[in-house]
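Notes follow once the structure below has been shown.
As a basis for the values below, the full set of heavy atoms in this structure was taken, side chains included, without hydrogen atoms, waters or symmetry mates. Note that the structure is predicted; figures quoted are calculated from it, not measured.
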Amino acid sequence: MTTAFKTVQDAIVAALKAAPAIVGTRVVAGRSRPMPEEHASDIAVSIESVRSTGQQLTSHPVRWEVVYGIEIRARGSAITDAVAAVDPLLEKVYERFYDVAPPTGVAAWMLDPAIRYSVEEGATPVASVLLAVNVQLATTNDSLTLAT
C-alpha cells in the first residue's frame, strides 16, 4: 500500500506533468539535489511536513495537515537573469493548480500565498522559487491510506 502522503505527492507530480507540458520542464519528486547542469529548468516536489490535527485514534478517519513543497528552478544565462528565466514557469505552475482538482479523499488543497525566491550565483545562475501547497486529508483509522 501507499500512504496518503505519497498518493497526494504523486497527484501533484501528475498534475504538473499533464499536457500541455510546462515549457519542457522536467518534474521530479522526493529529491533535494541541485538541478543537473544539463537542464535549463525543473520542478521538484517534496513532502515538507505532516501533522495530525490532534484527535485520538478511534474508529473515525484521522485528519492530517500536510505541506508539500514545489520548488521551481531555472537557469539564467549571460543575457537572461535567473529570475527572468524562472518567472514564466512560476506563472504556469500557479495556473496549473487552479485548473486541476485535488484527488479524491483530499478535503482541500491550496497554494500558500507566501512565495520564497533565491538565486545561486555562478556562470549560469539558477533561480529557485518555492511554493507551498497546504493539503487537508484524512486517512483510514487503521492505516495511513487515503480515506475516500
Side-chain angles (χ1 to χ4, degrees), residues 1-55 61-139 143-148:
M1 284 200 199
T2 303
T3 67
F5 319 123
K6 174 80 167 92
T7 298
V8 173
Q9 178 178 284
D10 292 347
I12 292 170
V13 169
L16 293 171
K17 286 184 173 182
I22 299 177
V23 196
T25 300
R26 82 182 182 132
V27 179
V28 297
R31 296 183 189 176
S32 61
R33 296 183 205 146
M35 184 173 59
E37 194 67 38
E38 66 272 13
H39 293 282
S41 61
D42 72 3
I43 299 171
V45 179
S46 60
I47 301 169
E48 299 292 318
S49 65
V50 179
R51 73 178 193 90
S52 160
T53 57
Q55 76 278 5
V62 178
R63 302 201 185 293
W64 300 88
E65 293 176 359
V66 187
V67 177
Y68 293 86
I70 299 176
E71 185 176 10
I72 307 158
R73 299 177 287 211
R75 193 175 304 285
S77 68
I79 58 171
T80 304
D81 75 72
V83 173
V86 81
D87 199 55
L89 299 176
L90 170 60
E91 184 68 30
K92 295 286 186 192
V93 169
Y94 194 81
E95 289 171 359
R96 183 67 52 98
F97 269 88
Y98 284 95
D99 292 340
V100 176
T104 303
V106 170
W109 71 3
M110 65 182 147
L111 286 171
D112 188 320
I115 299 173
R116 189 179 78 214
Y117 282 83
S118 65
V119 177
E120 296 173 25
E121 291 300 324
T124 56
V126 174
S128 173
V129 178
L130 184 61
L131 299 172
V133 178
N134 297 317
V135 176
Q136 296 172 358
L137 59 85
T139 56
S143 76
L144 290 176
T145 58
L146 197 57
T148 54

Could you check whether any side-chain N or O of [X] sits under 3.5 Å from a backbone N or O of [Y], counting only pairs where one atom can act as donor and the other as acceptor?
X: R96; Y: A15; answer: yes
X: R63; Y: Q136; answer: no
X: S46; Y: E48; answer: no

Looking only at heavy atoms, what is the nearest atom pair of [X] and [Y], with distance?
X: A84; Y: P88; result: O-CD, 3.3 Å
X: P103; Y: A11; result: CG-CB, 3.7 Å
X: V83; Y: A127; result: N-CB, 3.8 Å
X: P102; Y: V106; result: CB-CG1, 3.9 Å
X: P61; Y: A147; result: CB-CB, 4.3 Å

With V27, which of I72, V13, I70 fulfils side-chain contact (heavy atoms from CB on, under 4.5 Å)? V13
Can you tell me how far [atom2] of [Y] sits from [atom1] of [X], rounded to the nearest 0.5 angstrom?
X: T7; Y: I12; atom1: OG1; atom2: CD1; answer: 11.0 Å
X: L130; Y: R73; atom1: CG; atom2: CZ; answer: 10.0 Å
X: L137; Y: W109; atom1: CG; atom2: CH2; answer: 11.0 Å
X: N134; Y: D112; atom1: CG; atom2: CG; answer: 5.0 Å
X: E38; Y: R26; atom1: CD; atom2: CZ; answer: 7.5 Å
X: D42; Y: R75; atom1: CG; atom2: CZ; answer: 9.0 Å

Would V119 and E121 satisfy side-chain contact (heavy atoms from CB on, under 4.5 Å), going step by step from the backbone distance to the final call? CA-CA 6 Å; V119 177; E121 291 300 324; 3.8 Å; yes
Note, [X] side chain near [Y] side chain (heavy atom, < 4.5 Å):
X: Y117; Y: I115; result: yes
X: L131; Y: L90; result: yes
X: S52; Y: V62; result: yes

Between V8 and V66, is a side-chain contact (heavy atoms from CB on, under 4.5 Å) present by the stated rule, with each step listed? CA-CA 10 Å; V8 173; V66 187; over 6 Å; no
Does Y94 have more than 12 heavy atoms from other residues, nucleotides or ligands lying within 6.0 Å of its OH? no
